Amino acid sequence: MVSEFTEDVIKLIQNIPEGKVLSYGLIAKLAGNPRAARQVSWILHSSTEKYKLPWHRVINSEGNIALRSEIDKQYQKDLLKKEGVKFLDEYRIDLKSSIWNIESIDKIKVKKE
DNA sequence: AACCTGACGAAGA
DNA sequence: TTCTTCGCCAGGT
């Protein structure tokens with residue numbers, strides 16, 4: 001059994017469209033807990049396989065890939081580029097064009113009801 | 001129950 | 001503007 005917050009986070013991530021990204025903080029905020037960004041990373045870390053989450057579409061607030069190892073970062077970058085995401089630097093995404101606009105948040109909220 | 005940890009983030013130096 | 005510090009939350013040990 002998971003908390004409602006966790007459920008919302010998972011649904012949000014599952015709904016990130018191809019070619020778009022969201023930041024940890026933003027996800028936490030949309031799920032109703034603005035300060036739980038770290039929790040989001042934990043969820044991603046522990047539930048990706050279970051829920052088939054598009055983990056690669058989650059980056060930090062600055063648009064950077066948040067993984068630690070070079071190999072993983074490179075892999076995530078490849079996945080994103082394949083979806084058409086534009087990179088400004090080696091591992092920095094162009095948030096302006098790739099951030100997922102929150103207009104559809106309502107749709108997701110409804111989905112959870 | 002106490003303490004640690006993390007794919008974060010905003011604020012202060 | 002770059003680097004450090006400190007707060008956050010829930011699961012793990």
Side-chain angles (χ1 to χ4, degrees):
Chain A
M1 206 42 199
V2 294
S3 68
E4 187 183 342
F5 172 73
T6 300
E7 276 184 29
D8 284 352
V9 168
I10 291 174
K11 284 180 181 171
L12 271 170
I13 296 175
Q14 289 179 323
N15 279 281
I16 300 176
E18 205 173 287
K20 293 293 177 182
V21 299
L22 277 186
S23 72
Y24 295 87
L26 212 41
I27 291 172
K29 184 178 173 186
L30 294 174
N33 199 338
R35 320 258 159 11
R38 307 189 73 168
Q39 186 57 18
V40 174
S41 76
W42 187 88
I43 293 170
L44 214 48
H45 172 71
S46 63
S47 308
T48 292
E49 280 192 41
K50 210 183 302 179
Y51 299 92
K52 300 288 188 289
L53 302 179
W55 60 273
H56 58 286
R57 298 187 189 134
V58 184
I59 75 290
N60 70 22
S61 69
E62 301 178 330
N64 288 108
I65 286 180
L67 292 174
R68 308 305 191 95
S69 84
E70 282 300 313
I71 296 178
D72 290 335
K73 285 160 73 172
Q74 193 59 242
Y75 178 45
Q76 180 170 9
K77 181 182 181 181
D78 286 343
L79 290 176
L80 290 173
K81 291 190 76 171
K82 204 176 300 178
E83 297 186 349
V85 173
K86 189 164 119 193
F87 279 75
L88 298 178
D89 290 323
E90 192 57 15
Y91 295 118
R92 187 158 110 257
I93 289 169
D94 176 23
L95 287 179
K96 277 193 174 178
S97 65
S98 300
I99 194 72
W100 181 30
N101 287 316
I102 322 301
E103 53 177 294
S104 42
I105 180 58
D106 292 328
K107 198 184 305 175
I108 293 175
K109 282 297 183 186
V110 170
K111 186 177 175 182
K112 123 200 163 186
E113 301 305 335

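A note on names: the letters A, B, ... follow the listed sequences, proteins ahead of strands, and every chain is numbered from 1. All of these numbers come straight from a predicted model, not from anything done at the bench.
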Looking just at side-chain N and O atoms, do A:Y24 and A:Q39 make a donor-acceptor pair shorter than 3.5 Å?
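There is no such pair (donor and acceptor under 3.5 Å, judged by atom type) between the side chains of A:Y24 and A:Q39.
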Sub-4.5 Å side-chain heavy-atom contact between [X] and [Y]:
X     : Y     : result
A:I16 : A:V58 : yes
A:I99 : A:L26 : yes
A:L22 : A:I13 : no
A:K77 : A:H56 : no
A:Y75 : A:I65 : no

Using only atom types and a distance under 3.5 Å, with no angle test, would you say the side chain of A:S47 pairs donor to acceptor with the backbone of A:K50?
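Checked: no pair found.
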Give a yes or no on whether the backbone of A:N60 and the side-chain of A:N64 come within a donor-acceptor separation of less than 3.5 Å.
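Absent.
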Expected string for nucleotides 8-13 of chain B under the B/S/- scheme (protein heavy atoms, under 4.0 Å, primed atoms plus P, OP1, OP2 as sugar-phosphate) is BSS---
Whole angstrom value for the distance that separates [atom2] of [N] from [atom1] of [X]:
X     : N      : atom1 : atom2 : result
A:D8  : C:dA10 : CG    : P     : 13 Å
A:K29 : C:dC9  : NZ    : C1'   : 18 Å
A:I13 : B:dA7  : CD1   : P     : 14 Å
A:L67 : B:dG6  : CG    : C1'   : 12 Å
A:Q39 : B:dA7  : CD    : P     : 12 Å

Applying the 4.5 Å side-chain criterion to the ILVMFWY set and letting contacts propagate, would A:Y51 and A:W42 be lumped into a single cluster?
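As far as the 4.5 Å side-chain criterion goes, A:W42 and A:Y51 are connected within one cluster.
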Which residues in residues 43-54 of chain A have a heavy atom closer than 4.0 Å to any atom of DNA chain B?
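Output list: A:L44, A:H45.
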Heavy atom of residues 82-89 of chain A under 4.0 Å from DNA chain B: which residues?
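Residues of residues 82-89 of chain A under 4.0 Å from DNA chain B: none.
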With side-chain contact (heavy atoms from CB on, under 4.5 Å) as the test, would you mind laying out the steps for A:Y91 and A:I59 before giving the verdict?
CA-CA 10 Å; A:Y91 295 118; A:I59 75 290; over 6 Å; no
In plain terms, say whether A:E90 and A:K73 are close enough for a salt bridge, that is, a side-chain N and a carboxylate O under 4.0 Å apart.
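Here A:E90 does not pair with A:K73 in a salt bridge, since their nearest N and O are not under 4.0 Å apart.
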